[in-house]
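Have a look at the structure below, then the notes.
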Amino acid sequence: MNTETNEPDDDDASERPSKTALKKAMHELQALGEALMTLPDARIDAIGLDESLRDAVRTAQRTKSHEGRRRQIQYLGKLMRRTQDAGGIEPIREAVASFQLGHAKDALALHEAERWRAELLASDDALTRWTAAHPRSDLQQLRSLIRSARKEVVPELPGGAARHGRAYRELFQQLRSVLAEPGHEEEESND
């Protein structure tokens, strides 16, 4: 405070973060704590959290009541702030981001296999495109599965969804296994 005018110094106010900024940071850490709760136990242990934070995460995972869970997440946020002050928040952020990215990649791979299956069943030209993109595929088996899947489609009721049989599922598995091969990304980037 300025002793002559009894007004607060502008320097003190500009150095401190605003109340809104502090609250936003608190909510971000609580959200990170909630995301941490979704990690499997093995990943949580691999991060190297201190014992109180690890116990708080496990307690929050076990808590079923809404109010109890909310209060545990707030406590988790408090412990996350302590961890951030100690400089140990980055490994947690990296572990959560890595886990979420892995799930996103898995979902994209499944969608890609579903898209290819739909294209292959709809058009014979799609097999040519598949062959160009994935030359190491077993074309004879793919043709056989496509033919069988097309024959197996049986409409349930008029206006209802069609039922698919074993070949339809096997075609999906075959496509997914080819797309999951380590060299898959390199083949597509060479197109």
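Please read all numbers here as calculations on a predicted model, not as lab measurements.
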### Query
Going through the distances and angles, do H66 and R69 end up as a side chain to side chain contact (heavy atoms under 4.5 Å, CB included)?
CA-CA 5 Å; H66 176 72; R69 188 175 182 92; 5.9 Å; no
### Task
Dump the intermediate steps for side chain to side chain contact (heavy atoms under 4.5 Å, CB included) on Y168 and L145, then the final yes or no.
CA-CA 7 Å; Y168 185 79; L145 288 172; over 6 Å; no
### Task
Could you check I89 against R93 for side chain to side chain contact (heavy atoms under 4.5 Å, CB included), going step by step and ending with a plain yes or no?
CA-CA 6 Å; I89 203 76; R93 287 187 199 278; 4.0 Å; yes
### Summary
Between the OH atom in Y75 and the CG atom in L53, the distance rounded to the nearest 0.5 Å is 9.0 Å
### Task
Run the salt-bridge test on R143 and D138 with the 4.0 Å N-O cut-off and return the result as yes or no.
no
### Task
Output yes when D41 and R58 qualify as a salt bridge under the 4.0 Å nitrogen-oxygen rule, no when they do not.
yes
#### Entry: Check against side chain to side chain contact (heavy atoms under 4.5 Å, CB included), K23 and K19
CA-CA 6 Å; K23 197 169 187 179; K19 191 173 183 180; 5.8 Å; no
### Message
If I take atom OG1 from residue T128 and atom CG from residue L120, how far apart are they, to the nearest 0.5 angstrom?
### Response
10.0 Å
### Query
At their closest point, which heavy atom of A167 faces which heavy atom of A149, and how far apart are they?
CB-N, 3.6 Å
### Query
Can you tell me how far CD of Q84 sits from CD of E90, rounded to the nearest 0.5 angstrom?
8.5 Å
### Task
Return yes if some donor-acceptor pair links the side-chain N/O of R176 with the main-chain N/O of A109 below 3.5 Å, else return no.
no
### Task
Could you grab the distance from atom NZ of K24 to atom CG of L22, nearest 0.5 Å is fine?
12.0 Å
### Query
Would the number of heavy atoms belonging to other residues, nucleotides or ligands and lying under 6.0 Å from CG of D85 be above 12?
yes
### Carboxylate-amine/guanidinium contact E119 R129, below 4.0 Å
yes
### Query
What distance do Q30 atom CD and L76 atom CG have between them, rounded to the nearest 0.5 Å?
8.5 Å
### Message
So which atom in P17 and which in A21 form the shortest heavy-atom distance, rounded to 0.1 Å?
### Response
CB-CB, 4.4 Å
### Query
Rounded to the nearest 0.5 Å, what separation is found between the CD atom of E94 and the CD1 atom of I47?
10.0 Å
### Query
Between E112 (side chain) and L179 (backbone), is there a donor-acceptor pair under 3.5 Å?
no
### Query
Looking only at heavy atoms, which two atoms of S52 and L79 are closest? And how far apart?
O-CD1, 3.7 Å
### Message
Please check if the number of heavy atoms outside R43 that lie under 6.0 Å from its CZ is greater than 12.
### Response
yes
## Note on the structure
Shortest non-hydrogen pair, T38 vs F99, comes out as O-CE2, 3.8 Å
### Query
So, does T131 use its side chain to make a donor-acceptor pair with the main chain of L127 at under 3.5 Å?
yes
### Under 3.5 Å donor-acceptor, Q61 side chain and M37 backbone
yes
### Message
A side-chain contact here means heavy atoms from C-beta on lying under 4.5 Å apart; do D50 and R54 qualify?
### Response
no
### Query
Above 12 or not: heavy atoms from other molecules or residues under 6.0 Å from CD of E51?
no
### Message
Using every non-hydrogen atom in the two residues, find where S137 and L142 come nearest and quote the distance to one decimal.
### Response
CB-CD1, 4.0 Å
### Query
Hey, does the side chain of T63 reach the backbone of T59 with a donor-acceptor pair shorter than 3.5 angstrom?
yes
### Query
Between R150 and L121, is there a donor-acceptor pair closer than 3.5 Å when you use the side chain of the first and the backbone of the second?
yes
### Query
Hey, is the main chain of D125 close enough, under 3.5 Å, to the side chain of S123 for a donor-acceptor pair?
yes
### Query
Should L139 and W116 be counted in the same cluster of Ile, Leu, Val, Met, Phe, Trp and Tyr side chains packed under 4.5 Å apart?
yes
